[in-house]
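Only a predicted model underlies this, so the values are computations on that prediction, with no experimental measurement involved. Letters A, B, ... are given to chains in the order of the sequence lines, protein chains preceding strands, and every chain is numbered from 1.
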There are 2 protein chains.
Amino acid sequence: MNGDVTSDTPAPRPVLTRARIVQAAVGLIEREGADALSMRRVAAELGVAVMSLYNHVPNKGALLEGVAEHVIAGLELEDDPSEPWQTRARALVRAFRKVAHDYPRCMTIVLTHKIDTQLGLRPAERALALADAAGFDGPTSVRIMRALMAYALGAQLRETGVVKTLDNLVETQAESWAKLDAAEFPHVVALSEELASHDPETDFEFGLDLLITALDALPRGRSQSR
Amino acid sequence: MNGDVTSDTPAPRPVLTRARIVQAAVGLIEREGADALSMRRVAAELGVAVMSLYNHVPNKGALLEGVAEHVIAGLELEDDPSEPWQTRARALVRAFRKVAHDYPRCMTIVLTHKIDTQLGLRPAERALALADAAGFDGPTSVRIMRALMAYALGAQLRETGVVKTLDNLVETQAESWAKLDAAEFPHVVALSEELASHDPETDFEFGLDLLITALDALPRGRSQSR
DNA sequence: ACCTGAACACCGTTCAAGT
DNA sequence: ACCTGAACACCGTTCAAGT
């Protein structure tokens, strides 16, 4: 009858649990990078023997999937169906940007591991719902969802620097302009200043606007009511 | 005077070189997956001691960057500036899709490693060039490039299944429909058939069309003449 | 300049033993 | 049911030695 606190021994180490293991992993990754993640490090962090982890997680791969899942669970997907579908679509895509900002160093794991919880279906459901509300037919709605997802993921990949690939090095290597022959890369050289200046928010919204605008202009298969 | 074949000893093992090492790595990855890649495996593949690799590559990270570079080098970027810019833009984005198909299992490495060769600048230069030809001003051209890149990368991420995340599991888990409560995911359930049917080419072109169409409708800062 | 084997510190995971 | 230490096979990389 004394409630659920049945003992007052000083700070009894909390029980080991999959959730706690995943959280420790996420913390470690954000602090030291994905390469620093190892079963042994996680165990140490939790003050526990390595093999104890295997009581809650079958292997390292499963732990990584747990990390991906945890990040995706952080998507803030509140929605107001009474809003115009364009607004709802923007909110959805922006949610990805937000979460990528919250867990920058986990992104490479999120992008390379599947999520087999229903959690992973929430964004899909949301996108399909608003395409439906916009009056698109089924097959078109599916394609719209995929286009939005592609942009959401790709924009993050670019911005978070997960992909340091391609144009990003233009920014980070601004000092080595001299070595770029203007003959081979005339436009890159000419626009070096714009390329180096950073306004990721505007860049992101620009691309998002393009997509929404194009969707807006698309012929609808059905009436647009609801 | 006997040309460049100076000896006829039976197949003298070819010299070890960075290029050969990278190629072996790419082959190994495509055959057995990125997880199977190790310095030791690569060395074995080349019939060489592990430490020999370190004469041509400073460490594993550098080898992975070499792999990314090799894949990006495979982008087929032939271009005809006399074509309308829309056509050129489509060709550019499609080149990414092509290369992702050629090296599916290397993609996760390409997406997570920087490329500091000028090779990585070719797509950027191309995108900026065609935006210029379309009559857009500098800052807008840069944003257009970024939007195209984001879509090119994101679409690949989705399709290649690098991201098994999100809607992809809808397809792979079609058998578990029953377990999905239609209450929480009504649209996903209703469109399960469309979601499971695979036509990645059309999906890809749909999103690409959206972007090009939107760009077409955008006001130009300059005349459109070349 | 390039190759090599031995060694070191670190992995993920199996197994057998404990409670 | 959960925890643990020892052991195994495998890593990346340093070092000292060879040519």
Side-chain angles (χ1 to χ4, degrees), chain A residues 4 6-7 9 11-69 105-106 108-109 112-114, chain B residues 6-7 9 11-70 105-106 108-109 112-114:
Chain A
D4 40 7
T6 54
S7 113
T9 46
R13 174 152 35 72
V15 263
L16 199 52
T17 184
R18 189 189 130 102
R20 252 169 49 80
I21 293 172
V22 167
Q23 228 156 11
V26 169
L28 186 57
I29 292 169
E30 288 303 328
R31 240 177 306 114
E32 308 192 26
D35 283 344
L37 183 81
S38 77
M39 297 302 271
R40 291 170 129 103
R41 290 285 312 258
V42 172
E45 192 121 332
L46 294 168
V48 112
V50 205
M51 290 317 297
S52 303
L53 302 181
Y54 287 80
N55 289 309
H56 305 88
V57 159
N59 51 44
K60 191 184 182 182
L63 175 53
L64 291 178
E65 288 182 24
V67 168
E69 200 182 294
R105 310 185 83 170
C106 283
T108 110
I109 286 160
T112 50
H113 289 80
K114 65 163 164 307
Chain B
T6 54
S7 113
T9 47
R13 173 153 35 73
V15 262
L16 199 53
T17 186
R18 188 189 131 102
R20 254 170 46 82
I21 293 172
V22 168
Q23 230 156 10
V26 170
L28 186 56
I29 293 169
E30 287 305 328
R31 238 176 309 112
E32 307 193 27
D35 283 344
L37 183 80
S38 76
M39 298 301 272
R40 292 170 130 102
R41 290 287 310 262
V42 172
E45 192 121 331
L46 294 168
V48 111
V50 205
M51 290 317 297
S52 302
L53 303 180
Y54 286 81
N55 288 310
H56 304 90
V57 159
N59 51 43
K60 191 185 181 181
L63 175 53
L64 291 178
E65 288 181 26
V67 169
E69 199 182 295
H70 179 91
R105 310 184 83 169
C106 282
T108 112
I109 286 160
T112 50
H113 288 80
K114 66 165 166 303

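Under the 4.0 Å criterion applied to side-chain N and carboxylate O atoms, A:E45 and A:R31 are assigned as salt-bridge partners. Look at B:R18 and B:E69 and you find a salt bridge, because one of the NZ, NE, NH1 or NH2 atoms lies within 4.0 Å of a carboxylate O, short of that distance. Between A:R105 and A:E32, no side-chain nitrogen of the basic residue sits less than 4.0 Å from a carboxylate oxygen of the acidic one, so the salt-bridge criterion is not met.
With rounding to whole Å, A:R20 atom CZ is found 14 Å from D:dC2 atom P. Computed from coordinates, the A:L37 CG to C:dC10 P distance equals 16 Å when rounded to whole Å. Atom NZ of A:K60 and atom P of C:dC10 are 15 Å apart (whole Å). Per the geometry, CZ belonging to B:R40 stands 13 Å off P belonging to D:dT14, to the nearest Å. D:dC11 atom C1' lies 14 Å from atom CG of B:L53, rounded to whole Å. In this structure, B:Y54 places its OH atom 17 Å from C1' of D:dA16, rounding to the nearest Å. The distance from atom CZ of A:R18 to atom P of D:dC2 is 15 Å, rounded to the nearest whole Å. Put simply, CG on A:D35 is 12 Å from P on C:dC11, counting in whole angstrom units.
Judged by distance alone, with hydrogens and angles left aside, the side-chain atoms of A:H56 form a donor-acceptor pair with the main-chain N or O of A:L16 at under 3.5 Å.
Here C:dC11 is the nucleotide among C:dC11, D:dA6, D:dT13 with the atom lying nearest to any side-chain atom of A:S38. Side-chain proximity of B:M51 to D:dG12, C:dG5, C:dG12: nearest is C:dG5. For B:M39, whose side chain is taken as the heavy atoms from C-beta onward, the closest listed nucleotide among C:dC11, C:dC3, D:dG12 is D:dG12. Looking at the side chain of A:L16, the nearest of the listed nucleotides D:dT14, D:dC3, D:dA6 is D:dC3. Counting only heavy atoms from C-beta on, A:A49 has its side chain closest to D:dG5 among D:dA7, D:dG5, C:dG5. Considering only side-chain atoms of B:H56, the nucleotide from C:dC3, C:dG5, D:dC3 that sits closest is C:dC3. With D:dC2, D:dT13, C:dT4 as the choices, the nucleotide that has an atom nearest any side-chain atom of A:N55 turns out to be D:dC2.
Contact check, A:N59 against C:dG12: no side-chain N or O comes under 4.0 Å of OP1 or OP2. An OP1 or OP2 oxygen of C:dC2 is reached within less than 4.0 angstrom by no side-chain nitrogen or oxygen of B:S52.
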Could you go step by step and tell me if A:L64 and A:L37 meet the side-chain contact (heavy atoms from CB on, under 4.5 Å) rule?
-> CA-CA 10 Å; A:L64 291 178; A:L37 183 81; 3.4 Å; yes
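With a cut-off of 3.5 Å on both Watson-Crick or G-U wobble distances, the partner of C:dT14 is given as D:dA6.
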